[in-house]
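The structure appears below as C-alpha cells.
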Amino acid sequence: PPARPAPGSRQQPRGGEGRAEPATGATPARDTRVPSRFDYERFRRSLRHPVRGGRPGEDPETRARRMKIKEMMKFAWDNYKQYALGKNELRPLTKNGHIGNMFGGLRGATVIDALDTLYIMELEEEFQEAKKWVEKSFDLNVNGEASLFEVNIRYIGGLLATYYLTGEEVFKNKALELGEKLLPAFNTPTGIPRGFLFSPFSGMSWSWGWASAGSSILAEFGTLHLEFLHLSELSGNPVFAEKASTSHRVLSKVEKPQGLYPNFLSPVTGSWVQHHVSIGGLGDSFYEYLIKSWLMSDKKDLEAKKMYDDALEAIEKHLVKKSAGGLTYIAEWRGGILDHKMGHLACFSGGMIALGAEHAGEERRQHHMDLAAEITNTCHESYARSDTKLGPEAFRFDAGSEAMATRLSERYYILRPEVVESYMYLWRLTHNPKYRQWGWEVVKALEKHCRVEAGFSGIRDVYTTTPTHDNMQQSFFLAETLKYLYLLFCEDDVLSLDDWVFNTEAHPLPVNHTNFKAAVQQ
Ligand code: DMJ
C-alpha cells in the first residue's frame, strides 16, 4: 500500500523503483502570452482590509499570546539562519541543514516558506534577511528531481504570496521563471501532470515509484489551480491556467464510484487506477482547492463549486461516521470497505467545511457548520488524549480505540499545521473562544516538547512526556503552523478572508475580482 510517513502530504520517492516511462511526444507549451494587465497599485486599492490589519483596542492577554507566537517564529527563523541558511530545512539537534530530495535541486525551502509569515508578523529585519537571500542566492538553474506538487505549493505559493503582500518584483519574477520550468510535467496524453519532473527541464517527467502503475496522485495534480491561475494573471500567459484547468475538466467527466474521487489516476488513459479514497494524505488538498478555486475566482468558477458540493455530499454519505463515544470522523474507503482511521492531514477538513458552509445554501449552512465543528472537536480530542497534548500522525476508531493511534508507527508528530488551521477558520467563522483556548494549548505543548536549544523539532511519540526528537524543523512549521496560530490571536482583518485565500501551504493569494473569468472559461 502506498500510504507511509512523509514530511508533506505526499511521500518520498524510493530510488526510482517502478517509474513510469518518461513522457514522449511532448508538445511544446502553447505560448499565447499577452502583456500582463496586472496593476499592483490598483490591486492594493481593491483590498477591503489593510493587509496586516487595523489596530483596534484588544485585550492584553490576546496581544501577549500573539507576541509569544511571534517570538517562536523569530526563534525558528534565527536558528535556521544561523545553522542552515540556504539548505531546505534546519536540523535543530545537530545544528546543521537538511536538503532532501523533493525540490529538484532547489534550495532555501524554509526561506521561501517563511517569507510571508515574517512579513505578516512584522519581523522586518528578518524579512529583509530572507529577501536578501532570495535576491542574491536563490538559484533556479539547478539539477535534480522535483515534485511538481511540493515545488508548487511551497516555492511558487510562497513567492506569489510575498509579491502580492509587498509588491517587490523579485518575488514575482522568480515565481514566473520557476513556473515555466514546471510546464513539461503536463506533457502527457491527458494533460494530467505526472508527479515528478527533472530539472533543468528536458520534457522528462514521471510518477512516484510507489504510486500504482505510474499513476498520478489526486492531491498532487488537483493542487495547482490557485497558484497557476495567478501565474497566468501576472505573466499574461494563459498557458498556466489552461494546464491547471485540464484536471478539473478530466475529473468532472470521469465516472466516480458512488460519487467519490479515488486517489490514483492514470495520466495516460484518464481512468482511475485504484479505488482508495481519502480526505487525508493523497486526496486532501484536491478537495480544498475546489472550494478555494471558487472563492478565489470571486465565485465565478461554478464548475469547481459544483465539484466541491457533490464531493462533500458523497463524503458525508459514505465516509463520515460517528464513534461509539460520539466523535464524528471521516473514514477512508478501500474499494467499498471502510478503514476507520483519520490521519492528522485529514484534520484540515474542519476548516475547509466551515469555509464552504459560509456559502452553502440556506438549508445546508448550519448542518455544514455543525459538521465542521464536530470534526474539529474530534481532532482536538486526538491532541487532548495524548500525554504531550500534541496529536499523532493517524488515529483510529476501531478495536475499542477512540481518537488515538493504535500503531507504533503512527504515534509521531512532525510539527504539522492541520489542526490549528481548522482552529483558525472555526475561530474566524464562529468566534467561539474555545478555539483560541485550544490553540493556546498547542502553543504550550510545542514549547514544552518540541522547542530545543536550536529551533523546533518533531517528536517520535506523542504518548510519552519524554519524547525523542526527530531532529527536523519542517519548513511548513514556519509557513503554516506558526502563521495559523498567530492569525488565531489576530483581529479578523489581518489577511482577511474577504480578500485572501490561503493555498495549501498557508500562503495567501488574493481573491480576483475581475481577470480570472477569462482564464477559468478556457
Ligand atoms: C504541507 O506541506 C501542506 O499543508 C500539504 O497540503 C500537506 N502537508 C504539509 C503539512 O502537513
Side-chain angles (χ1 to χ4, degrees), residues 3-12 76 88-89 98 100-103 106 109-110 112-117 146-158 161 195 208 217-227 263 278-293 342-352 355 379 382-383 390-395 410 412-425 442 446 450 456-459 462 470 472-485 487 501-509:
R4 64 179 62 85
S9 178
R10 267 45 60 187
Q11 286 88 10
Q12 309 280 355
N88 285 324
E89 286 106 359
H98 173 257
N101 57 2
M102 291 189 302
F103 305 121
L106 292 172
T110 294
I112 309 295
D113 252 357
L115 276 163
D116 55 11
T117 311
S147 154
L148 172 68
F149 166 80
E150 298 289 356
V151 170
N152 178 53
I153 66 169
R154 301 192 202 209
Y155 284 88
I156 304 269
W208 292 103
I217 295 170
L218 183 68
E220 296 196 332
F221 67 79
T223 306
L224 301 165
H225 219 80
L226 304 186
E227 298 81 2
N263 290 335
S278 159
I279 195 138
L282 307 174
D284 50 9
S285 43
F286 158 68
Y287 304 97
E288 175 186 356
Y289 271 36
L290 290 178
I291 188 69
K292 289 183 175 176
S293 291
M342 232 178 126
H344 193 289
L345 290 162
C347 285
F348 85 98
S349 60
M352 174 186 76
L355 189 63
C379 292
S382 78
Y383 277 48
L390 294 166
E393 179 67 3
F395 45 93
E410 293 171 343
Y412 64 91
Y413 171 70
I414 57 168
L415 306 174
R416 286 201 192 278
E418 291 77 18
V419 174
V420 295
E421 174 181 349
S422 284
Y423 295 168
M424 193 283 291
Y425 282 106
V442 176
L446 286 168
C450 300
F456 288 89
S457 168
I459 55 176
V462 296
D470 69 4
M472 183 69 83
Q473 180 176 280
Q474 302 283 350
S475 75
F476 52 68
F477 181 64
L478 292 86
E480 298 190 73
T481 313
L482 291 175
K483 186 187 286 132
Y484 285 133
L485 281 169
L487 292 176
V501 168
F502 292 95
N503 91 337
T504 193
E505 190 80 358
H507 297 305
L509 298 172

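Ligands are counted one by one from 1 in listed order, and the atoms in each one are counted from 1 as well. As the structure is a computational prediction, the values presented were derived from the model and not from experiment.
We find the CZ-CG distance between Phe286 and Leu224 to be 12.0 Å, quoted to the nearest 0.5 Å.
Checked options Leu415, Thr110, Asp113, Leu115; the residue passing with Leu478 is Thr110 (criterion: side chain to side chain contact (heavy atoms under 4.5 Å, CB included)).
A donor atom on one side chain and an acceptor atom on the other are found under 3.5 Å apart for Ser457 and Asp470. Tyr484 and Glu418 share no donor-acceptor pair across their side chains, judged by distance under 3.5 Å alone.
For Ala219, no heavy-atom contact with ligand 1 is shorter than 4.0 Å. Looking at Gln474 against ligand 1, nothing comes within 4.0 Å, counting heavy atoms.
Listed by atom number, the atoms of ligand 1 under 4.0 Å from Arg154 heavy atoms are 2 (O). Short contacts between ligand 1 and Ile153, defined as distances under 4.0 Å to a heavy atom of the residue, involve ligand atoms 2 (O). The distance from ligand 1 to the heavy atoms of Glu418 drops below 4.0 Å at these ligand atoms: 4 (O), 7 (C), 8 (N), 10 (C), 11 (O). For ligand 1, the atoms closer than 4.0 angstrom to any heavy atom of Leu345 are 7 (C), 8 (N), 11 (O).
Checked against a 3.5 angstrom limit, the closest N/O atoms of Glu150 and ligand 1 fall outside it. The shortest N or O to N or O distance between Asp284 and ligand 1 is not under 3.5 Å.
Take Glu505 and apply the salt bridge (charged side-chain N to carboxylate O under 4.0 Å, His left out) test, not counting sequence neighbours, and it matches Arg154.
In summary, the aromatic rings of His344 and Tyr383 are positioned with their centroids under 6.0 Å apart.
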